[in-house]
Amino acid sequence: MSAGAAAAGGSGTARRMWQALETLHMTVYFAPEPRDAYRRAGLRGGWMGYFASRAAAMGPVPAEVVMATFYNFHPRMVRRAIPDAWGFAPPERVLAARYEGADAALRRLLGPWAEGAEVAEAAALARQAMEGRDPAGRPLFAAHAALPWPDEPRLALWHGATLYREFRGDGHVACLLADAVDGCEAHVLAAGAGQLPGAVLREYRGWSDEEWSAAAARLRGRGWVDPEGSLTAAGRDARDAREAGTDDLAAAPWDHLGPDACARLLALLDRPVRLVVEGGGIPFPNPVGLPAPTS
């Protein structure tokens, strides 16, 4: 994937920015450095680190708030981590560990690029795009947007990527709700579209085989998946419409930044995206559809 493809503005740019910035953001979930930082902070287990670190910007919230904002995890999976996490490490300590781990991962994966002039320019453009965006209806974005911007350019860029990740994600949840698609059904549809294998989604989101089968049956009743679990034509059309709606809702930062600055930011992100991919900073397959590096 070339993150330096020309930007045209609007929802098309929103998707290209998501692919590039999400790649940088995702390192906090898959690199070993954040997991080590959470363990040093007192959290127990990788999933406790995930739920607590992403939710900590909202304060010591109950499990129900995490279920509502994260949306597609099984409630029992959330309850195994929240609210117990706050007894091991308060939110401010968890946030410090998150930035510590993200910084270490970025320095390793990006090498000299993480210290150069381009990262500072990219961070400034990301900040220009994300700062001041309307938080209405976007609870996770609002919480993270209330955090101070890091001084270190590589962390400021990562924070900007995080803000866009949650800005877009809150809009995506709105689209799922508008289409009456629940959390498990969203994963069945993603698997049916070939985005990620169903077995991976079931395991990493905590849904049982029986719950998955029930969700698939509901979607068959709507005419969206076939008996093998693949999307029907109607299901693909509905999913494409939701994805387009998500992109439309995510376009505001890039409309604000403008086409020339968007094109420049995408060009600047090309190198770090490649470094993350080549350094194994994200898994394959992955949610943004980036291919594994060729030998």
Side-chain angles (χ1 to χ4, degrees), residues 21-111 114-115 119 123 130 139-167 169-170 203-206 272 276 279-283 286-287:
L21 291 170
E22 178 74 354
T23 301
L24 298 183
H25 170 81
M26 277 195 301
T27 58
V28 80
Y29 304 130
F30 300 107
E33 292 89 347
R35 292 195 296 271
D36 292 342
Y38 302 147
R39 186 174 62 251
R40 290 192 297 270
L43 298 178
R44 301 183 179 182
W47 282 113
M48 180 176 281
Y50 169 81
F51 288 117
S53 66
R54 192 175 166 210
M58 298 186 288
V61 294
E64 288 78 7
V65 173
V66 176
M67 294 171 199
T69 51
F70 290 25
Y71 193 74
N72 56 20
F73 288 87
H74 196 289
R76 63 174 164 258
M77 193 172 180
V78 178
R79 291 189 188 281
R80 283 198 289 267
I82 303 294
D84 288 354
W86 313 130
F88 297 123
E92 59 271 19
R93 179 69 186 95
V94 175
L95 283 170
R98 191 183 207 216
Y99 279 100
E100 175 190 332
D103 189 44
L106 291 172
R107 284 189 281 110
R108 173 177 59 84
L109 290 164
L110 301 183
E115 308 290 344
V119 69
M130 297 309 306
L140 267 176
F141 166 72
H144 287 272
L147 299 175
W149 282 81
D151 293 328
E152 182 62 49
R154 62 177 171 266
L155 270 181
L157 176 59
W158 182 82
H159 180 64
T162 300
L163 293 183
Y164 184 53
R165 194 282 174 105
E166 302 301 5
F167 185 91
D170 287 336
E203 177 182 358
Y204 285 99
R205 294 298 182 267
V276 168
I282 60 173
N286 52 74

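- Interatomic distance, CZ of Arg165 versus CG of Leu21, reported as 12.0 Å (0.5 Å rounding).
- Residues Glu166 and Arg54 meet the side-chain proximity criterion, which asks for heavy atoms closer than 4.5 Å.
- For Tyr29 and Tyr204, the ring centers are positioned 6.0 Å apart or more.
- Note that CG of Leu147 is 11.5 Å distant from CD of Glu92, once rounded to the nearest 0.5 Å.
- Annotation: side chain of Phe51 is not in contact with side chain of Leu43 (no heavy-atom distance under 4.5 Å).
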Would Arg40 and Glu100 count as a salt bridge (Lys or Arg N to Asp or Glu O under 4.0 Å) if you check the C-alpha gap in whole Å, the side-chain angles of each, and the deciding distance to 0.1 Å? CA-CA 11 Å; Arg40 290 192 297 270; Glu100 175 190 332; 2.5 Å; yes
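- Contact record, Gly279 with Leu109: O-CD2, 3.7 Å, taken as the closest heavy-atom pair.
- Taking NE2 from His74 and CZ from Arg80, the interatomic distance works out to 9.0 Å, rounded to the nearest 0.5 Å.
- The closest side-chain heavy-atom distance from Val78 to Glu64 is not below 4.5 Å.
- The two atoms that bring Ala123 and Leu157 nearest to each other are CB-N, 3.7 Å, heavy atoms only.
- Smallest separation of non-hydrogen atoms from Thr27 and Pro34: O-CG, 4.3 Å.
- Looking at His25 and Tyr164, their side chains never come closer than 4.5 Å, going by heavy atoms from C-beta outward.
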Would Asp84 and Arg79 count as a side chain to side chain contact (heavy atoms under 4.5 Å, CB included) here? Give the steps. CA-CA 8 Å; Asp84 288 354; Arg79 291 189 188 281; over 6 Å; no
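- Annotation: the span from Trp158 atom CH2 to Arg98 atom CZ amounts to 4.0 Å, rounded to 0.5 Å.
- Side chains of Thr69 and Asp170 form no contact here, defined as non-hydrogen atoms less than 4.5 Å apart.
- Here Ile282 contributes atom CD1 and Met26 contributes atom CE; the two are 4.0 Å apart, rounded to the nearest 0.5 Å.
- For Tyr71, there are no ring-ring contact (aromatic ring centres under 6.0 Å, His included) partners, not counting sequence neighbours.
- Looking at heavy atoms from C-beta onward, Leu24 lies in side-chain contact with Pro272 at the 4.5 angstrom threshold.
- Residues Gly42 and Phe88 share a closest heavy-atom pair of O-CB, 3.3 Å.
- When all heavy atoms of Ala31 and Ala105 are compared, the closest pair comes out as CB-CB, 3.7 Å.
- Formation of a donor-acceptor pair under 3.5 Å by the Arg39 side chain with backbone atoms of Gly46 is not found in this model.
- The closest side-chain heavy-atom distance from Trp47 to Met77 is below 4.5 Å.
- Phe70 has its side chain out of reach of Ile82: every pair of non-hydrogen atoms, C-beta onward, lies at least 4.5 Å apart.
- The two residues Gly160 and Met130 make their nearest non-hydrogen contact at O-CG, 3.9 Å.
- In Arg76, the CZ atom is crowded: over 12 heavy atoms of neighbouring residues, nucleotides or ligands sit closer than 6.0 Å.
- Scanning for ring-ring contact (aromatic ring centres under 6.0 Å, His included) contacts around Phe141 gives Phe167, with sequence neighbours left out.
- Rounded to the nearest 0.5 angstrom, Arg154 CZ and Leu110 CG are separated by 9.0 Å.
- Remark: side-chain polar atoms of Asp36 are not paired, donor with acceptor, to backbone N or O of Glu33 under 3.5 angstrom.
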